[in-house]
Amino acid sequence: MPAMELNRLMSDVLEKAYDPQSVEPDMLAAWEASKAFQAQPDDRTPDKRFVVMIPLPNVTGTLHLGHAINNTLQDIVTRRRRMMGCNSLYQPGTDHAGIATQAVVERRIFSEEKKTRHDIGRQELVRRIWEWKDQYEKTILGQLKRMGCSCDWDRVRFTLDDRYSDSVHETFFRWFQAGLIYRGERLVNWDTELRTAVSDDEVYHETVKGHFWHFKYRLKDPPAGGPTHLGFATTRPETMLGDVALAVNPTDERYKALVGRSALVPLFDPPREIPIVADEWADPEKGTGCVKITPAHDPNDYAVGIRHGLPMINIMTPDRCVSESGGKYSGMKFADARKAIVADMEALELLDSVEDLDVQLPHSDRSKSAIEPYLSPQWFVRMGDIPDGVTLGDKTKTPGLAQAAMDAVNDGRVRITPERYKKTYVDWLSEKRDWCISRQLWWGHRIPVWSTAAGDAPAAEQIASEITAALGTDTRFELRNEETPKGERVVTVCLAREDESAVSTLESAGFAQDPDVLDTWFSSQLWPYATLGWPEKTPDLDFYYPGSVLITSRDIITLWVARMVLSGLYNIGKVPFRDVYIHPKILDGRGETMSKSKGNGVDPLDVIAMYGTDAMRYALTDMTTETQDVRMPVEYRCPHCAAVTKQTAQNMQAKTVPCKGCKKKFATRWADEATVAEHGRAQIASEKFEIGRNFCNKLWNAARFAFMNIEGVRCDTLDVASLPTEDQWILAKLSETIRRVHEDLDRYRFSASIKRLRDFFWEALCDWYIELTKARMSGGERSAEAKQVLAFCMDQILRLLHPCIPFVTERLWGQLNTVAPQRGLPGLADPAMNDLLITAEFPPRAGWSALENETIVATFETLQSVTRAVRELRQRNNAPPKESVTVTIRASAEQIAALRDQGSIVQRLANVGELHIAMDATRPPNSGTVVLDGLQVFVHDIADDAVEGKRLETEMSEIEKQIAAKENKLANDGFVRNAKPEVVQAERERLATLNERRATLQSSLALLR
RNA sequence: GGGCGGUUAGCUCAGUUGGCUAGAGCGCCUGCUUUACACGCAGGAAGUCGCAGGUUCGAGUCCUGUACUGCCCA
């Protein structure tokens, strides 16, 4: 086919600008058809396996850019390893996210139907949540697919699916059996709206305007001549119903005589008599120095209560009313009880004063309502050390679960990058706080425990032996016969499997299942192996566990990462992954984290629609530096006039925003369908994604250019050393780039890796190599070699960029295979050809060592600086670009040969006609002058001697300043003695070069004077 | 209150074990329809490296203090 014809054809095939929307769907289809994402165990050895477990997104809503960065990075590492020949699994799935999901669905039901979960019942609520889950899971998986994530979609798992439940039950059962799970009464964070305990991690504090009431209690037997009352202050008068003591500091002289006596809580009839105790908690500096103690409703008081063996009176019902312990206030809402109590105290003349106070109140992250500390029975996992120790899955002993997880990181079995997050992990675990795993919710894994009240001890024995017999030996169960803190006998049975006959046996014997569900993290901690079939010994589990790297954001290092490690060690005996990489958080333009509630979240699909997936992935990769928290300012692009309007605190959550340009309103992602239909929806605009889009377009066009030229390229055996300098140079740069990119990615330096690739591709390949070889390409001398080198470079750069920008590279790869099916440098670099890029070989770790050549790189750099010098002189002196100029170069002995040999490079790139090179060249009159290391460049007849002379004088004084500084440094004895010899040597050489420069410049100036 | 970051060009960020004249992208200025790309090419201007001390022959880099800022934990 004639070249002209082919050029026409090619430009038909590849549009002038890259259009992601027309390319991406086809690439997704090609990957799917190739089954490249699918992972199956085979005969590859462990070092040729690669496993990434997705940090499972919650089915509470759709994904935002935070998820996009997370999954982009995971996809990059997975695609790279796949191309490096690893059997690679990227495990997808979603999390049922207990409280979060139930709260979202309950809120929606309430806003639409004005019904609570108690109105619709457990079964119906769970059904509704499943519906919600189906919808959001579909959206989330769709988003991930659209982002190009190469997950094995046949393996999608959900933390509440049937097989997953088996893993959860098995874990609960084993831990229960081993005594690692126990039931206890604890003060928990009670969400009175959701009526459940929430973990400390789900609580935040908010400042609320409140009051500080100063009360006093009458003393029962006041000391003679002493006070008759004892004053204290509280922000929560209603909790006085639960007061069991007053505390004073043991060092507080004022109250020494009162310790051991009693005070009277007057709200009861007869008044409740409470002791006055001495405890450090009372701060003599604050208020009266005396505090009331309500152990069942305040964490600090709880600690005091434990220390002094005080009773704990629970005065609250689950829905925040006063319980039966509240005497005449029973049944009142807390708010009403507060008013009544204040009034009653005032009537008794026991209220001294009231002041305004800002109070830090705990709130639930889930329901946004106030948290009540609440004493209630809960299930716990023992995290601390246990007297007999704990036996892990590999039969080794550890003092306790938390210690096992700490050890894994401390001894390097799990490496955390960046390393500073090791501290977060270890510090948290070292508290060894027991983990409250029960939640009073309906959405989640039911706790697999059945129990019955048993009256006295002999009756309990009777029930225990009967049920043991009834369950038989086929059922795996664990029975406990215990006394509760309140002195009741309870028989408890934990089942390893929720099989129907065992359940009906238990229930017909009067046992009832625990109404609570498990904390979401209890199930998600099993993710690295529950997804592979554990507890069954499946081939998947055998092959893909332990995994390779966990990539996540820093906020779940403790909640999730630490627990995966400890459960992996306990259940299996091996850590679940070798590496943990913590990536930056994406912040909005004002530096705030993106979240749904703030309204600053950005839907990746919006970005993709505007810029394409690769542009988004490029931008996110570029932002992934060691510095955490990267700003991502986002603007609205008006659907009417395309003007951009900045996202601000005011318009961030608005459904419609007025355009800065045309003043018309447009709809945002928060708008309903009708509003969108009426006003049109704004697209998301951001400079960051433009950079990515521009890069993809550049790649597209460079490829277009290459394809037009490399048709019919040969795959000859070449002698590198005899190739033109630019060929040797670009090949050397390529090999170095390959090596460095591997280093970067091995160390999770994502931003550095993409910057390096950008530099090689854009600057070296496009701006220098392609520009330099245009004449050779279109049939000049040594055309075949140029084509072969270009084809090879395109081949390699597409492979290198594929993990980050998979779509455009795959599309171009297909085209490259058509145009130049055979590429490579036989004997020097022989990459294997492959139909699809996704499964093609990644360039080797060591680069292509036969191509590396430091001397050529140095020579070429000299040529580059001469070229830049001529260009600068042309521009500075307004020489028309099309007119060629005459150039004289004065060169040192070392450089003259290379320059004479390669001067044509400068001629081609800077439009130089005549080129003179000599060691003793002098400055021609009226020439523009640039002084470089070891050489001086003169562009003839473009400058004025007077002007140029002044400029050179300035440059001279600049050089002299530098020389003075260097001489000073080298004259410094300390420097010469202490600095590394190579550093001193380098400084000497530098000074020599500067002196040479001065001499050269001097000679030019002499001619001008 | 404790812990961990950040503060470098107008903006967003790099800057390896301390060692040449501190870099990039965007923006800005100048020129350019040049054999793919104006989402482009060539050139240029622009930084007291938050502040104050200290260690060192030498500090953007290490140490101490301090200011501002963000996150996590209590």
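Chain identifiers are assigned alphabetically (A, B, ...) following the order of the sequence lines, protein sequences preceding nucleic acid strands; residue numbering begins at 1 within each chain.
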With the criterion being N/O to N/O and under 3.5 Å, what pairs connect the protein with nucleotides 28-33 of chain B, and how long is each?
| unit_1 | atom_1 | unit_2 | atom_2 | d |
| --- | --- | --- | --- | --- |
| B:U30 | O2 | A:Q875 | NE2 | 2.5 |

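- One N or O donor and one acceptor, one from the side chain of A:E771 and one from the base of B:A36, sit under 3.5 Å apart.
- Both A:W762 and A:D759 sit near RNA chain B, but only A:D759 has its closest nucleotide nearer the 5' end.
- In this structure, A:E419 places its CD atom where only 12 or fewer heavy-atom neighbours from other residues, nucleotides or ligands lie under 6.0 Å away.
- In this structure, of B:G43, B:C37, B:G40, it is B:C37 that holds the atom nearest to the side chain of A:K16.
- For A:T625, a side-chain nitrogen or oxygen approaches OP1 or OP2 of B:A14 to under 4.0 Å.
- B:G15 and B:G27 have their P atoms separated by 23 Å, with the value rounded to a whole Å.
- Base pairing analysis places B:G58 opposite nothing; no Watson-Crick or G-U wobble pair with both distances below 3.5 Å involves it.
- Residue-to-nucleotide contacts include no donor-acceptor pair under 3.5 Å from the side chain of A:K698 to the base of B:C39.
- One P atom belongs to B:C26, the other to B:G44, and the distance between them is 16 Å to the nearest Å.
- In this structure, A:K787 forms no cation-pi arrangement with A:F792, as its terminal cationic atom is not both closer than 6.0 Å to the ring centre and no more than 45° off the ring axis.
- For A:R433, counting side-chain heavy atoms from C-beta on, the closest listed nucleotide (B:G3, B:A74, B:C37) is B:A74.
- Proximity note for A:R554 (side chain, C-beta onward) versus B:C20, B:C71, B:G19: the nearest is B:C71.
- Separation of the P atoms belonging to B:A9 and B:U48 is 8 Å when rounded to the nearest angstrom.
- When distances are taken from the side chain of A:N972 to each of B:C57, B:G19, B:C37, the shortest belongs to B:C57.
- B:C62 sits 16 Å from B:C49 when the C1' atoms are compared, rounded to a whole Å.
- For the C1' atoms, the distance linking B:A59 with B:A22 amounts to 13 Å, nearest Å.
- Counting any heavy atom pair closer than 4.0 Å across all strands shown, A:R758 reaches sugar-phosphate atoms only and no base atom.
- B:G53 and B:C63 make up a base pair, with Watson-Crick or G-U wobble contacts both under 3.5 Å.
- Judged by distance alone, the side chain of A:R637 and the main-chain N or O of A:A685 form no donor-acceptor pair under 3.5 Å.
- For an aromatic pair to be called close, the ring centres must be under 6.0 Å apart, and A:F689 with A:Y618 fails this.
- Taking the side chain as every heavy atom from C-beta outward, A:T424 and A:R554 never approach each other to under 4.5 Å.
- Listed nucleotides: B:C57, B:A36, B:C37. Nearest to the side chain of A:A979: B:C57.
- For B:C68, the paired nucleotide is B:G6, the pair qualifying as Watson-Crick or G-U wobble because both relevant distances are below 3.5 Å.
- The separation of B:U8 from B:U12, taken at their P atoms, amounts to 8 Å, rounded to a whole angstrom.
- Between the side chains of A:S904 and A:R908, a donor-acceptor pair is found at a separation under 3.5 Å.
- B:U16 and B:G50 have their P atoms separated by 14 Å, with the value rounded to a whole Å.
- Under the Watson-Crick and G-U wobble criteria, each requiring two contacts below 3.5 Å, nucleotide B:A24 is paired to B:U12.
- For the pair A:Q21 (side chain) and A:A609 (backbone), a donor-acceptor distance under 3.5 Å is present.
- To the nearest whole angstrom, the two C1' atoms, one in B:U61 and one in B:C72, are 26 Å apart.
- Among the heavy atoms of the strands lying under 4.0 Å from A:R871 are primed sugar atoms or P, OP1, OP2 only; no base atom is included.
- Between A:V939 and A:I942, some side-chain heavy-atom pair lies under the 4.5 Å cut-off.
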